[in-house]
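Letters A, B, ... mirror the listed sequences (proteins, then strands); counts begin at 1.
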4 protein chains.
Amino acid sequence: MTSDMMLAYVLHGPEDMRPTELPRPEPGEGQVLLRVRRAGICGSDIHYFTHGQIGRFVPKRPFVLGHEFAGEIAALGAGVEPSLLGARVAVDPSIPCGRCRQCRRGRYNLCLDMRFFGSASCDPHLDGGFAEFVAVPARSVHPLPDEISWGEAALLEPLSVAMHACMRAGPLLGRSVLVTGGGAIGLLVVMVARAAGAAPVVVSDPAPFARRTAAAIGADAALDPTSADFAAEASAHSEGGFEVAFEASGVPRALAQAVALAERGATIVQVGTLPAEVTLPLNDIMARELTLAGSFRFANVFDAALRLLAMRRIDVKPLVSKVLSLERMNEAMAMAVAKDGVVKVQVEQ
Amino acid sequence: MTSDMMLAYVLHGPEDMRPTELPRPEPGEGQVLLRVRRAGICGSDIHYFTHGQIGRFVPKRPFVLGHEFAGEIAALGAGVEPSLLGARVAVDPSIPCGRCRQCRRGRYNLCLDMRFFGSASCDPHLDGGFAEFVAVPARSVHPLPDEISWGEAALLEPLSVAMHACMRAGPLLGRSVLVTGGGAIGLLVVMVARAAGAAPVVVSDPAPFARRTAAAIGADAALDPTSADFAAEASAHSEGGFEVAFEASGVPRALAQAVALAERGATIVQVGTLPAEVTLPLNDIMARELTLAGSFRFANVFDAALRLLAMRRIDVKPLVSKVLSLERMNEAMAMAVAKDGVVKVQVEQ
Amino acid sequence: MTSDMMLAYVLHGPEDMRPTELPRPEPGEGQVLLRVRRAGICGSDIHYFTHGQIGRFVPKRPFVLGHEFAGEIAALGAGVEPSLLGARVAVDPSIPCGRCRQCRRGRYNLCLDMRFFGSASCDPHLDGGFAEFVAVPARSVHPLPDEISWGEAALLEPLSVAMHACMRAGPLLGRSVLVTGGGAIGLLVVMVARAAGAAPVVVSDPAPFARRTAAAIGADAALDPTSADFAAEASAHSEGGFEVAFEASGVPRALAQAVALAERGATIVQVGTLPAEVTLPLNDIMARELTLAGSFRFANVFDAALRLLAMRRIDVKPLVSKVLSLERMNEAMAMAVAKDGVVKVQVEQ
Amino acid sequence: MTSDMMLAYVLHGPEDMRPTELPRPEPGEGQVLLRVRRAGICGSDIHYFTHGQIGRFVPKRPFVLGHEFAGEIAALGAGVEPSLLGARVAVDPSIPCGRCRQCRRGRYNLCLDMRFFGSASCDPHLDGGFAEFVAVPARSVHPLPDEISWGEAALLEPLSVAMHACMRAGPLLGRSVLVTGGGAIGLLVVMVARAAGAAPVVVSDPAPFARRTAAAIGADAALDPTSADFAAEASAHSEGGFEVAFEASGVPRALAQAVALAERGATIVQVGTLPAEVTLPLNDIMARELTLAGSFRFANVFDAALRLLAMRRIDVKPLVSKVLSLERMNEAMAMAVAKDGVVKVQVEQ
C-alpha cells in the first residue's frame, strides 16, 4: 500500500464488511491525523454488522464502523497545538454542535446536530476507527498518561457510557443496585457503581460466563434470571427492594424483573437497547412511584473516566477478552458476534 | 336518628352503596370528631363504586368511601388542643407511620404502613368522608382561613395530588407543558403548572366539555387527541417538543402521545391510573433520554396547597360542578360516574 | 454625522462618559448590525460609571457600556439568514465559547472564555448598547413578537438574571420567599418568584418608594428592614422561617437578616453584588443546614423569559420608570445613579 | 456496686467530669437496656468538657456525655421484639419526632423536637454513652453482623456524619475533592469520598500526624495549608479548581482556602464547627456561583453506613487510635483533648 493509502473496513450491508484500500485522510484545520492503535467492537457495531442498520439509523452509503478507539497522533492540521504531535490519545467520538439548546443545557449527548464517529446517525456519516487512520478534531482527543494501556484507552468510551448511566441515577453511595445484563456495558456499570459506593451490587444474566465475570470484577452476587429462585435470591440482597436498577441487557423481560425488584420510589435506568415496543406494568410504576430514566451515550464524563482509570479507581483490563490485529477484523467481529466467552474484542495495529 | 347515631354510605360491592345508620364515632386520644360539611367524589371512589375494588385493593368488609373532605370540629378526644373545638378544617387523609424508611426519607406517600381514609389499601380499612361524622387524628386537620369555602376546602386533597405531580417534574418556570387528560386531576395539574410558571400549558382530551373547561381555567390550548391534526397542532405550541408532560387520563394511547410529543431529555409524569400492562416505545425513551416518573398521592404539599388557595394564587372554585346534599349521595355518585359535563361532584351537609 | 459614523457614549473613567462619533460597525460573518432602539441602565453600568471599574474588572481602554438592549436589524453580515433583515430583536449579551467545561456542563454563564457586551470582564472589551448601532452575532438575537414593546425587550436581560436566580433555588411552588432589596433585580425576582408560585413573597427595602413599588407589582408584604419590628413582621409571614431567600441588595446586613429569617434547611440565593469581605454567622449556617448559593448572570433562560413576557405571565412594564432619548444619555445616567423614585431608566432612539 | 447501680461519668462543668454511681436505668415501653461495650469521644464531647457548653447549648443540669456507642442488649422493656435480647447493636443517637415538617420532608436531622443522646441540645438532656448502661428506644438500635467489631460499631455515628456531608454535595463519582481538616470527621470524609468515587481526594491539615494518617487511609495528597506552596500544590491536583470541598476543620482560614481553591460552580460543604462570625469573600461566591452548604449531623444514612462497613467498602479501623477501659474515662478524655497523635479515642467495658 502506498504511503497515502490505508486499510479500512467498510460496511456495505448485513454481514458484508470489506477490507478496502482508502485514501489516508488529510487532517483539516483544527484536526489531527490519528494512527489508530486499538479499537473495540461495540454492541452497536455488532448490530450494524448483522442487520446492516440499527433502528432508524440506516446507512446511506458504505462506511467504516468503530467508535471506541485510541492511538497516536501522526500529523497535525492547521492551527493545532504542535506539542500534540506523537501524543498517545483516546478519542471521544461525540462531536456536538455546542450551540443547540441541548448543548447549551449541558445535555450535549442529546445534541440536535451531533456528529459521531462510526455511526450512521449523522449525515454525512463519519468514518470510524476500524481503519489505520482517522482524522479527528484536536478538541476530541484526550492525552493518555503512560499508565493507561491501549486496551484500557479503547474502553474509555463504553466506560463513559456506564458512568453517564450511573450519573442518571443520582448518588449511589450506600445504595443497593441491580444490574440486569452482564455484557460489556452491564459489567462496566457494575464497576462504576461499585466505584461510586453502591452496596450491594447484584447482577443478573442467564449466561454462566457473564455471571462468572461479574463475580470476578466485583459484583456482590451474580444471579440467573431464568432460575425459579431468582426473585427470592435477588430479594435476599435487597431488603425492601433495590434502590436503583440498571437495565443493560436490552431484554424486555429483564426490565420487567427490574421493575418488580425495585423498591418503592426507586430509579431504573434504561441503558440497554430494547425493542421498539415493550410492555410494562405502568400502573405499578405509578403506584410505587418509580422513575424510569433513559440513558443515551454520555456527556461530561470522559475526563473523569480517564482520571478514574489513571488513578486506578477502576480496572477495566479484565474486560479485554481478545485482541486481534486489524487485518483479522472480520474474525474479530465474528468472535464479538458469537459472544462465546468474550466480553470485549478489540483490534490493534 | 338518635344523637349517637349518624348517616353514612357504606359500599357493599359494585354499584351497591347503602345509606346506613352507624354509631357516631368517638374521638380517641389525640383525635377530633369532624362534622363533615363537604366531601368530593374522586376517580378512585368512582372506580370502587363501579368495580367494587381498585386494582389490588379489594375491600375485606363493607366500608365508607370519601377522602376529599372538610368540616367542623364537633368534639375533641383526650389530649387535643381545646382551641380546635368548632374550628373549620380540611383533612389530609394520609396517616403515614412516620417511622419506616420511606417516611424517614420524606417520601411518606410511599409509607410501608400507610393508613388512608376511605380506602381499602390499608387493613383495617379507615371509613371515609361520605358520612355525617368522621373521627380523625388532630394532627391530620388543617384549620381553614375564612376566605376558603367548603367547596375549595374539599378540593385540597386532589389539589395536593396535582402539586405533588408537578413537584415530581422539577421547576416548571418557563417550561412548555403538555397535560393529557382534562378530568379533575388533569385540570388541577393545568392550574398548578400555570401557577408554577409553565408556559405554554397545552391540554389534550377527546371530550369537548373537558377542552372548554381547560381553556376556561387557563390552558393556553386545549386539543383533541383523536384529531388527525393533533400532533401538528401540539407541536406548534412547543418548538422541539414539550419539556414536561403529565399523563392524567389513564389512557395508554395518551401516554404514547406524550412520549412522542416530548422533547429530548424531557420528563413525563404518570399521575393517571393506567391498566396494569401498557406497551411503550422503550427504545425511544432510552435514545431520547426521557424520564418517566410515577406520581402517587402526595407528600409535603398540603399546607402549601392551602396557602395557594388562601392567597388566591389558584382558584379551584370553577371545578366544583355540582353540590348535592349528603342524602342524595347515590345521585351524586351517578353524576360523577356519568362524567357528563361535570368535573367535580361534591356532597354537603 | 455621515452615514458611516454613529453616536456612542464612551466611558473614559469615573463619571466621565463622553458622547463620541465612532465608525458604525460592520457586521462580520455570522453577525448582524443592530440599530439599537432601547437600552437600559443596569446597576453594573452605574458602578462602572461612578467608580470607573467594578471589582476586578478594570477597563483597559475607553469602552461603551450597556448590555440590556434591543433593536432592529439594519444590515446582515455574510452567512446570515436573509429573513432577519428588519427584524425586531432582543439581544442576549452573553457570548460563551461553547467548548470549555463549564459550557459543556450547561453552566455557560461561568464560561472560562466568555465575551459579554458592554463589560470589561472580557478582553478585548465588547462595546455595548449605549450607541446607535452594535454588531452582534446572529445567534445572539431573539426575534420579538409584536406584543413585546421595546421597553419590555430591553428588560429581558435583567429578567433572565432574576429567572436564573430563581432556578438556583429549585422549585418555588408554594414556598415562602424573602427578597432583600427592592431595586430592579429584587423587583424582578419578586415578579418571577410569584410567577413560579411562591407564596408568600415578602420584600425588604429601607426606601419607601421601593416598598411601594414592590407592593404594587405583587409582593405580599414590603417591609422596612431598619424598623425595630422588622424581624417580627417578617416572621409573621413565614411560620418557622422562609423556605427560600434572595439577597438582591448587596448590603451585608441584609444577608445577615436573610440568614436569621431563613427556615432550617432553607436556601439563600446571593444575586446582589456584595463587598469583597462579608462577616456571616457561619456556625449557624452549618447547624441549621442552610444552603447559600451564588447566582451570576444567567444561562438557559432567555427564551423562556421572552415566552413569559409574550404570554403575559409576567408584566415588567411597571419597572420602566423613565425613557430618555440617547442624546440625553448622561442625564439618564444621572437619574439612574440618583435612584430617586426610579427603578429602571432606559434610553431610546 | 450493687446490681441496680452503675458507673457513669457526669459532666458538672468545664473540665469537671465525675465518675458517679447512678441508678441503672429501667427500659421503658419500647426501650431496651443497652450494656455499653464501646463509646467514642467526639469533638463535641471535647468541647463540652473543656468549655462546659457548646455554642448555645448550655447544660441545665449535670449530665452524661457520649453519643458514639454500641453494646449488647441486656434487658427489654415492654413491647419489644424478644429476639433482640443479647443482640450486639449500634445506636443511632438521633430520636427525631417523626411529625414536624422537617421530619416529614425527610430532613429529620433538622427536627424541631429532636432528642439526642449525650447532648444538651434537647431539654431534658438525654444521658449518653459514657456509662455502663443506657436505656434506648428499640427503634434506635441497629443489629451488628459478626464481622463488625466494637471499635467499628462505635464509629458508625461519625461515619454517618461524613456520609451525610458527602450526600449534601451530590454525586462525587469522578469529581475532584478537597477536604480541609484531617481530624476524625475530615478523615472519615476522605474515606467516604473515596468510596463514592471521588478522584483525586486532597486533604489539608497543618499537623504532620494528620497528614500522614490521611495519606495512609487513602488520600491522594495530604498538604500543609500553612506552607507557602500550598495553593500551588493543591491546584496541581485539580486543574481549574476542586469540584467539591468539605470544610472539616472549623478554622475560618481553611474555609477561605476552600473557597479560593474551588472551581467555578463548585459546592463547598461546611461540616466543621466554625466560630459564630466568619468573614468570607461573598462577592466571589456570587461571581463564581459557588454553593456553600451547611451539613449538620445526618439523616437516612446510618443503615447504609453499616452496610458499607459490613461489606468492607470502607475500613474505619485505622482511625481507632486508643481504647481505654471506662474506668479510665478522664484519662481517655485527656488524650482526646491533647490530640497528640490520636484520631479517635474510645472507652470500653
For chain C, the option from Arg288(D), Arg297(D), Gln102(D) that forms the most heavy-atom pairs under 4.5 Å:
Gln102(D)
The interface call for Ala287(D) against chain C, heavy-atom contacts under 4.5 Å, is both
Under a 4.5 Å heavy-atom cutoff, which of Glu289(C), Glu277(C), Met286(C) has the most pairs with chain D?
Glu289(C)
Looking at chain D, which one of Leu255(C), Val269(C), Asn109(C), Thr267(C) has the largest number of heavy-atom pairs inside 4.5 Å, strictly under?
Asn109(C)
Do Phe116(D) and Phe57(D) make the cut of ring centroids closer than 6.0 angstrom?
no
Minimum heavy-atom distance Val201(C)-Ala193(C), with the two atoms named
CG2-CB, 4.3 Å
Is Arg107(D) close to chain C through its backbone or its side chain, or both, or neither, when contacts mean heavy atoms under 4.5 Å?
side chain
Can you find a pair of side-chain heavy atoms, one from Pro14(D) and one from His51(D), that are under 4.5 Å apart?
no
Proximity breakdown for Leu290(D) and chain C, heavy-atom pairs closer than 4.5 Å:
backbone
Taking Leu274(D), Val271(D), Val278(D) one by one, which has the highest count of heavy-atom pairs under 4.5 Å against chain C?
Val278(D)
Any idea which of Arg101(C), Glu247(C), Arg105(C) has the most non-hydrogen atom pairs under 4.5 angstrom with chain D?
Arg101(C)
Does any non-hydrogen side-chain atom of Met167(C) lie less than 4.5 Å from one of Val301(C)?
yes
For Ile185(C), the option from Val161(C), Thr273(C), Leu159(C) that meets side-chain contact (heavy atoms from CB on, under 4.5 Å):
Val161(C)
Heavy-atom pair of closest approach, residues Phe298(D) and Ser160(D):
CB-O, 3.4 Å
Glu243(D) side chain vs Ser176(D) backbone, donor-acceptor pair below 3.5 Å
yes
Name the region of Cys111(D), side chain, backbone, both or neither, that has any atom closer than 4.5 Å to a heavy atom of chain C.
backbone
Can you tell which part of Pro281(D) gets under 4.5 Å to a heavy atom of chain C, answering side chain, backbone, both or neither?
both
So, does Asn283(C) use its side chain to make a donor-acceptor pair with the main chain of Pro275(D) at under 3.5 Å?
no
Residue selection (most heavy-atom pairs with chain D, distance under 4.5 Å) from Leu112(C), Ile268(C), Asp284(C):
Leu112(C)
